[in-house]
Amino acid sequence: MAIQVERIVKRFGDFTAVKGVSFQVADGEVFGLLGPNGAGKSTLIRMMTTLIPITEGRAFIDGHDVAEEPDAARRCMGVIPQALTSDINLTVEENLSIYAKLYGVPREARKRAIDELLEAVDLTKWRDAETRTLSGGMRRRLEIARGLVHSPRIFFLDEPTTGLDPVSRVAVWEMLGKLKAQRGLTILITTHYMDEADRLCDRIAIVDHGELVALDTPAALKRSVPGNNVIEVQFQAPPEDLHGRLAALPGVTSVQDEGAAMFRVLSTDGSRTTTDLVETAVRMGVEIKSLSVQNTTLDDVFVHYTGRQLRDEAVKAPLFVMPPRPGMQP
Amino acid sequence: MSRMLAIIERELRKFFRSPALMLAAMVFPLVQLVILGNAFGGKITGARMGVVDYDGGPQALRVWEAFDAIGSNARTFQAIRYASDKQAQEDVRTGRIDAAVVIPPQFSRRVLAGEDPRIGLVVDNSDQFLSSSLEAKLQELTTALNQPQVPPRVTRAISLDLVELYPFIDYMKYLLPGSITLAMFVSVMIGGGLLYIDDKARGVHEGFLVTPITKLELVFGLVASGAIKAVMAGLVITVLGSLISGLGVIFQPAILAQLLLMIAATSFAFNAMMFLMMVRIEDPLVPRAMFGILNTLLFFPSGAIYPIHAFPGWLRALATVDPFTYAVHGFKAILLKEAGFQAIVPDLLFLVAIGALTLTLATRLFKRTL
C-alpha cells in the first residue's frame with residue numbers, strides 16, 4: 001500500500017475538522033479527494049504530508065508512520081501545495097536545484113534529475129529564465145517538476161489546475177499522465193473540478209464535514225446515484241402541482257426544484273421520461289422554455305452525497321491577499 | 001548542513017537578484033544622516049533682532065556697536081531699529097522678527113551712575129532652541145559690556161578652560177554610528193521581518209516543511225542568511241557614511257577589523273531578535289504595523305541622535321537593555337574615538353549574548369509544523 005490512513009482525526013480546539021477517516025491507496029493508483037471548501041480535504045492532506053500533527057489515528061506513507069518517522073515519509077513523497085510558491089526572481093533551474101538540495105539529493109543525481117524533469121515538463125528551453133517570466137501553466141509545471149526532484153514514489157497535488165485556463169489544464173493533465181506512466185507514481189490529488197477527477201482518478205473519495213461520504217471508482221460512483229440520466233427542464237409559468245406530477249412519472253427517482261421554474265429530474269430511463277415529460281407539459285398547457293438530457297456526471301454524484309453544488313465552490317477566493325510590498329515606515 | 005546552505009543560497013540569490021532590499025536598507029539611513037546631520041547641531045545665524053532705543057545716549061551707542069559687531073561677524077542676528085516696544089513685541093508675536101531688545105530711557109545715565117542699568121529682551125519662547133541661543137548671545141554681550149575699560153592687573157574670577165579629548169566632531173559624524181546601526185536594522189526588518197512573513201503567507205515555508213529539513217537547519221539557515229545581508233548593508237553604509245561625513249579612519253586595517261566584528265555581532269543580535277519577534281506571526285500586516293514602533297523604541301533611546309545622559313531614568317533603563325545602544329556605543333568607540341579593541345569588548349559580548357539568548361528562545365518557539 002502506498003498510502004494507508006487509519007481512523008485519522010484532527011481537532012482544532014473544540015472543532016473537529018476531520019472525523020475518523022480511513023482509506024488506502026494502492027501502488028500506482030491515482031486517488032482523488034473531492035469536497036467543498038471547509039470539508040477537511042486540506043487538513044487531511046496536510047496531516048498525511050506531515051505539515052500538521054495528527055490528533056488521533058495513524059497515517060502511513062509507503063509503510064512509514066508519518067508521526068513516528070516523518071523524515072522517512074517525507075523522502076518518499078513529493079508535495080505540491082496549492083499556492084504557486086516557486087521564487088519568481090530565481091530561474092527555473094535554481095528553483096529545482098534548491099529543492100533538490102533541501103531533499104539532500106547528491107550533486108550528480110541532482111543534475112540528472114533536473115535535466116530529466118525539465119524535459120518531462122517541457123521547460124528545458126526555459127531553464128535559465130527567471131520564473132517571473134513564465135505563464136501560470138508553465139509555473140504550475142515547474143512546481144510539479146519541483147515536487148519530483150528527489151524521485152518520490154508518491155505524489156500529493158493540492159488542486160493542481162486551479163486558476164489555469166482550459167488549454168493549460170489539459171496540458172497539466174497530459175503531463176501528469178505521462179509522469180505517472182514513466183515513474184510509476186502513486187498520485188493523490190485534491191480537486192474542485194469534476195471533469196478533472198473523472199479524467200485522472202482511478203478512485204475518488206468524497207469528503208464532507210470531515211467525513212468520507214463515498215469512495216469508489218468514478219463509474220461505480222455514477223452508478224450509485226439513483227437515476228442514470230439527468231433532465232434539466234425549464235418551464236414558462238408552471239402550475240403549483242407540477243413538481244408532484246413530474247415525480248410521479250415512470251422511472252423518475254428524484255425531482256429537485258432549482259428555482260426560476262427550473263427542475264432537475266433524475267431518471268433511470270432518460271428517453272422515456274423525456275417523452276412523458278413533454279406530453280405532460282402539453283396536456284397541462286405549460287410551455288417548455290428549455291430542456292436538456294445528460295448522463296449522470298460526477299457533479300450529480302457530488303450533489304447526491306453532499307447535497308451541495310460543487311460548481312459554486314469552484315471559484316475560490318485567493319488564500320492570501322498580499323499587501324503592497326514597499327509600504328515601509330521605518 | 002547542506003540543507004541549511006540551500007536555505008542561505010535561496011535567500012542570497014533572491015537578495016542579489018533584486019537589489020531593492022539593499023537600496024531600501026541604505027537610502028533611509030543615508031538620507032537621515034545627511035538631512036539630520038546638517039539640520040541639527042548647527043549654530044543659529046541670520047535671526048532678526050528688533051532694537052528699541054529709548055535712550056539714544058553714549059551707552060546705548062555701545063550696545064548698538066556690539067550688535068553691529070555680531071551682525072557682521074558671528075551673524076547670529078541682524079539688528080533692526082524699532083520706534084516703539086509695542087510694535088516690536090507685536091512683531092515678535094507674529095514672527096516678523098525673532099526677538100527684540102529694549103534699551104530703556106535713562107539707560108546711559110544709569111550706567112554712568114552705577115544704578116543697576118537694565119536691557120529688556122523679548123523672546124518667542126515657543127521656539128526653545130532659537131530663544132535660548134539668542135539669550136546666550138545677549139548674555140555674552142552684556143558680560144562683555146560690563147568689563148571695565150582698563151583690565152585689572154590680577155584676574156579676579158576663575159575661568160573654566162574646556163579641554164576636548166577628541167578632534168572637533170560635528171553632528172553628522174556623531175550621527176554616523178547610529179546610521180550604520182539603523183541600516184542594519186532596516187535590512188533586518190525587511191529581510192527578517194517583512195520578507196519572512198510574506199514567504200510564510202505565500203506558502204513558501206509549507207514547501208520547506210514537506211522536505212526532510214530539520215528545525216535547526218531551517219532556523220539557522222534563515223538567521224544566518226539574514227545576518228549576511230545585514231553585514232553587507234552595514235559594510236556599505238559604513239564606507240559611504242564615513243566618506244560623506246569625512247571620517248578617514250576606516251582605511252586603517254585594525255579599525256576595519258574592529259568594524260567588521262561589530263557589524264557581524266550587531267547583525268547576528270538584530271536577526272536573532274527579529275526572528276524571535278516574528279517566529280509565531282502569520283499575518284503579513286503585523287510586521288508592517290510593528291516597524292514604526294520598533295524603530296522608535298530601539299533607535300531613539302540608543303544615544304544615536306541624542307546623548308543617553310540627557311534621558312530620564314526610565315528611558316535610561318530602556319537604553320540599558322536596547323541592543324541598539326551597544327551597537328551605537330561600539331561604532332562610536334571605533335569611528336570617533338579610535339579607542340581600541342578593549343573599548344568594544346563589552347559591546348560585542350552584550351550583542352552576542354542577546355543574539356544567543358533570543359535565538360535559543362526563537363528556536364524553542366519555532367514550530368516544525370504549520
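Computed from heavy atoms alone, side chains included, the values below leave out hydrogens, waters and symmetry copies. Within every chain, numbering begins at 1; the chains are lettered A, B, ... in the order of the sequence lines, protein sequences first and strands thereafter.
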* To do: Mark yes when over 12 heavy atoms from residues, nucleotides or ligands other than A:Arg107 sit less than 6.0 Å from its CZ; otherwise mark no.
  => no
* If every non-hydrogen atom of A:Asp87 is compared with every non-hydrogen atom of B:Lys14, which pair is closest and at what distance? -> OD1-NZ, 3.5 Å
* Structure fact -> If one checks every heavy atom of B:Phe299 against chain A at 4.5 Å, the contacting part turns out to be neither
* Structure fact -> Residue from B:Thr211, B:Leu5, B:Thr369 scoring the most non-hydrogen pairs under 4.5 Å with chain A is B:Thr211
* Asked: Quick one: what part of A:Glu143 sits under 4.5 Å from any heavy atom of chain B, side chain, backbone, both or neither?
  -> neither
* Report the distance from atom CD1 of A:Ile98 to atom CZ of B:Arg3, rounding to the nearest 0.5 Å. => 14.5 Å
* Examine whether an atom of B:Arg17 lies under 4.5 Å from a heavy atom of chain A, and if so say whether it belongs to the side chain, the backbone or both; otherwise answer neither. => side chain
* Structure fact -> Rounding to 0.5 Å, atoms OG1 (A:Thr85) and CD (B:Glu206) come to a distance of 8.0 Å
* Which residue out of A:Ile88, A:Ile52, A:Ile80 racks up the most heavy-atom pairs below 4.5 Å with chain B? -> A:Ile52
* Asked: In terms of heavy-atom pairs under 4.5 Å, which option from A:Pro70, A:Pro53, A:Pro81 contacts chain B the most?
  -> A:Pro53
* Asked: Do A:Arg74 side-chain atoms and B:Val210 backbone N/O form a donor-acceptor pair below 3.5 Å?
  -> no
* Structure fact -> Interatomic distance, OG@A:Ser97 vs CZ@B:Arg10, rounded to 0.5 Å, equals 13.0 Å
* To do: Quick one: closest heavy-atom pair of B:Ala6 and A:Lys101, and the distance?
  => CB-CB, 3.6 Å
* Highest number of heavy-atom pairs under 4.5 Å with chain B: which of A:Met77, A:Arg146, A:Glu94? -> A:Glu94
* Asked: Given a strict heavy-atom distance threshold of 4.5 Å, which part of A:Tyr99 is in contact with chain B: side chain, backbone, both, or neither?
  -> side chain
* Asked: Contact part of A:Leu84 toward chain B, heavy-atom cut-off under 4.5 Å: side chain, backbone, both or neither?
  -> backbone
* Flag side-chain contact, heavy atom, 4.5 Å: A:Leu102 against B:Ile7 -> yes
* Step through the shown structure and confirm whether more than 12 heavy atoms of other residues, nucleotides or ligands are within 6.0 Å of CZ on A:Arg127. => yes
* To do: Under the side-chain contact (heavy atoms from CB on, under 4.5 Å) rule, what do B:Leu370 and A:Arg46 come out as? Steps first, then yes or no, please.
  => CA-CA 9 Å; B:Leu370 283 182; A:Arg46 283 176 167 182; 3.5 Å; yes
